[in-house]
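Heads up: the structure comes next, in structure tokens.
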Number of protein chains: 2
Amino acid sequence: MTTIKESSTIQANKQLAYQECPVTYVMEKIGGYWKPIILFQLLSGPKRYGELKRAVPTITEKVLIQQLKQLEADQLINRKAEPVIPPHVTYSLTKSGKALRDVLWAMANWAAMDSKESGKIFRKNMKDFPG
Amino acid sequence: MTTIKESSTIQANKQLAYQECPVTYVMEKIGGYWKPIILFQLLSGPKRYGELKRAVPTITEKVLIQQLKQLEADQLINRKAEPVIPPHVTYSLTKSGKALRDVLWAMANWAAMDSKESGKIFRKNMKDFPG
DNA sequence: CATGGTACATACTTTAGGGTAAGTACTGGT
DNA sequence: ACCAGTACTTACCCTAAAGTATGTACCATG
């Protein structure tokens with residue numbers, strides 16, 4: 001990557017940095033801890049809010065909703081709400097989101113390999129994870 | 001993924017969550033904004049501190065060093081220091097780190113595709129990025 | 001009344017991450 | 001003196017992200 005203006009105003013430059021580095025581009029969209037995990041869960045098909053909550057038990061509702069909103073804003077997922085009571089909302093991957101399948105599965109495969117080598121074993125076979 | 005103990009002590013459960021979800025496993029190691037970017041830069045071979053700094057111009061020295069330390073602690077990179085003045089330190093991917101190539105390149109490919117579709121164009125061809 | 005279900009919102013607090021500035025130690029050049 | 005190079009460290013501050021607790025609205029059941 002070429003050097004751009006040396007500045008200490010990092011946030012200002014971040015707006016342009018993604019055009020210089022593809023991984024930066026991806027990080028802008030799915031960077032952080034939770035987004036890839038949520039996206040991985042949606043690989044196996046649309047899920048309702050409660051399903052996601054149970055699929056990722058370590059996330060708080062507040063953060064889950066936040067992340068879903070951001071993912072929707074970035075057009076990686078769709079949110080479909082039925083006009084019913086009780087609420088009925090379904091989240092699904094967009095085309096762009098589905099295209100992340102290779103990324104997420106590369107992650108999963110790396111995890112399986114790395115966990116095996118470090119003596120930690122997954123409690124399920126890779127076949128059990130959403131694909 | 002199976003449901004584990006419903007607890008609001010998220011951090012306590014995170015220690016175990018990675019065993020349930022491979023992507024969580026990966027996020028524990030490379031989650032966040034900067035780590036994948038740094039790892040991507042090291043794909044093309046060992047780099048000295050200053051080279052990394054120039055390769056990722058939007059990162060502050062403080063954060064770069066922090067991230068490098070974490071990556072080293074997680075055994076994704078090696079740090080080799082020569083006993084000379086001025087200092088001469090080289091960072092390189094471990095075997096485990098190199099195994100992330102598929103992940104990082106899947107990201108890069110997704111970025112290229114997504115940027116094309118959204119009308120944003122990378123300033124370099126994919127061939128120009130570290131492989 | 002309580003509990004369960006659905007999917008959130010809000011207020012406040014805590015934690016984590018990042019930024020800025022200055023510094024360390026040594027060498028060499030202007 | 002200053003600046004350049006090498007690779008960090010530390011103190012303080014600020015922002016961002018996450019956590020906790022409570023609430024919303026509606027329906028059904030014990």
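Labels below follow one simple rule: chain letters A, B, ... track the order of the sequence lines, proteins then strands, and each chain is numbered from 1.
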Enumerate the residues from residues 71-85 of chain B whose closest heavy atom to DNA chain D is under 4.0 Å, giving them by residue number; use none for an empty result.
B:Arg79

May I have the list of side-chain donor-acceptor pairs in residues 76-86 of chain A shorter than 3.5 Å, sequence neighbours left out?
unit_1, atom_1, unit_2, atom_2, d
A:Arg79, NE, A:Tyr91, OH, 3.4

Decide side chain to side chain contact (heavy atoms under 4.5 Å, CB included) for A:Met107 and B:Met107; before the verdict, give the C-alpha distance in whole Å, the side-chain angles of both, and the deciding distance to 0.1 Å.
CA-CA 10 Å; A:Met107 282 181 177; B:Met107 283 184 178; 3.8 Å; yes

List the atom of B:Cys21, the atom of A:Ile37, and the distance in Å for their closest heavy-atom pair.
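Scanning both residues, the minimum pair turns out to be SG-CG2, 4.4 Å.
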
According to salt bridge (charged side-chain N to carboxylate O under 4.0 Å, His left out), does anything in residues 61-74 of chain A pair up with another residue at least two apart or in another chain? List the pairs.
A:Lys53-A:Glu61

Enumerate the residue pairs fulfilling salt bridge (charged side-chain N to carboxylate O under 4.0 Å, His left out) with a member in residues 87-96 of chain B, sequence neighbours excluded, ordered by first and then second residue.
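Checked against salt bridge (charged side-chain N to carboxylate O under 4.0 Å, His left out) - neighbours excluded - the pairs reaching residues 87-96 of chain B are A:Glu117-B:Lys95.
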
Give the rounded distance in Å between these two atoms: [atom1] of [X] and [atom2] of [N].
| X | N | atom1 | atom2 | answer |
| --- | --- | --- | --- | --- |
| B:Gln66 | C:dA16 | CD | C1' | 10 Å |
| A:Leu64 | C:dT6 | CG | P | 13 Å |
| B:Leu68 | D:dT9 | CG | C1' | 15 Å |
| A:Ile38 | D:dA17 | CD1 | C1' | 14 Å |
| B:His88 | C:dA25 | NE2 | P | 23 Å |

Reckon [X] has a side-chain N or O less than 4.0 Å from the OP1 or OP2 of [N]?
| X | N | value |
| --- | --- | --- |
| B:Gln67 | C:dG18 | yes |
| A:Trp34 | D:dA17 | no |
| A:Thr60 | D:dG19 | yes |
| A:Tyr91 | C:dC8 | yes |
| A:Arg48 | C:dA7 | yes |

Please check: side-chain N/O of B:Trp105 versus main-chain N/O of B:Leu100, any donor-acceptor pairing under 3.5 Å?
no

Using a 3.5 Å distance criterion without hydrogens, assess whether the side chain of A:Thr90 forms a donor-acceptor pair with backbone atoms of A:Pro46.
no

Need to verify one output field. Residue with the more 5' nearest nucleotide on DNA chain D, B:Val89 or A:Pro87?
B:Val89

In terms of side-chain heavy atoms of B:Ile65, which of C:dA7, D:dC8, C:dG18 is nearest?
D:dC8

C:dA9, D:dC8, D:dT9: which one has an atom nearest the side-chain heavy atoms of B:Lys69?
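Among C:dA9, D:dC8, D:dT9, the one nearest the side chain of B:Lys69 is D:dT9.
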
In degrees, rounded to 10°, what is the bend between the two ends of the helix from C:dC1-D:dG30 to C:dT30-D:dA1, using five pairs at each?
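Inter-axis angle at the ends, rounded: 30°.
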
For every nucleotide of nucleotides 10-16 of chain D, 5' to 3': is a protein heavy atom under 4.0 Å from its base (B), only from its sugar-phosphate (S), or from neither (-)?
-------

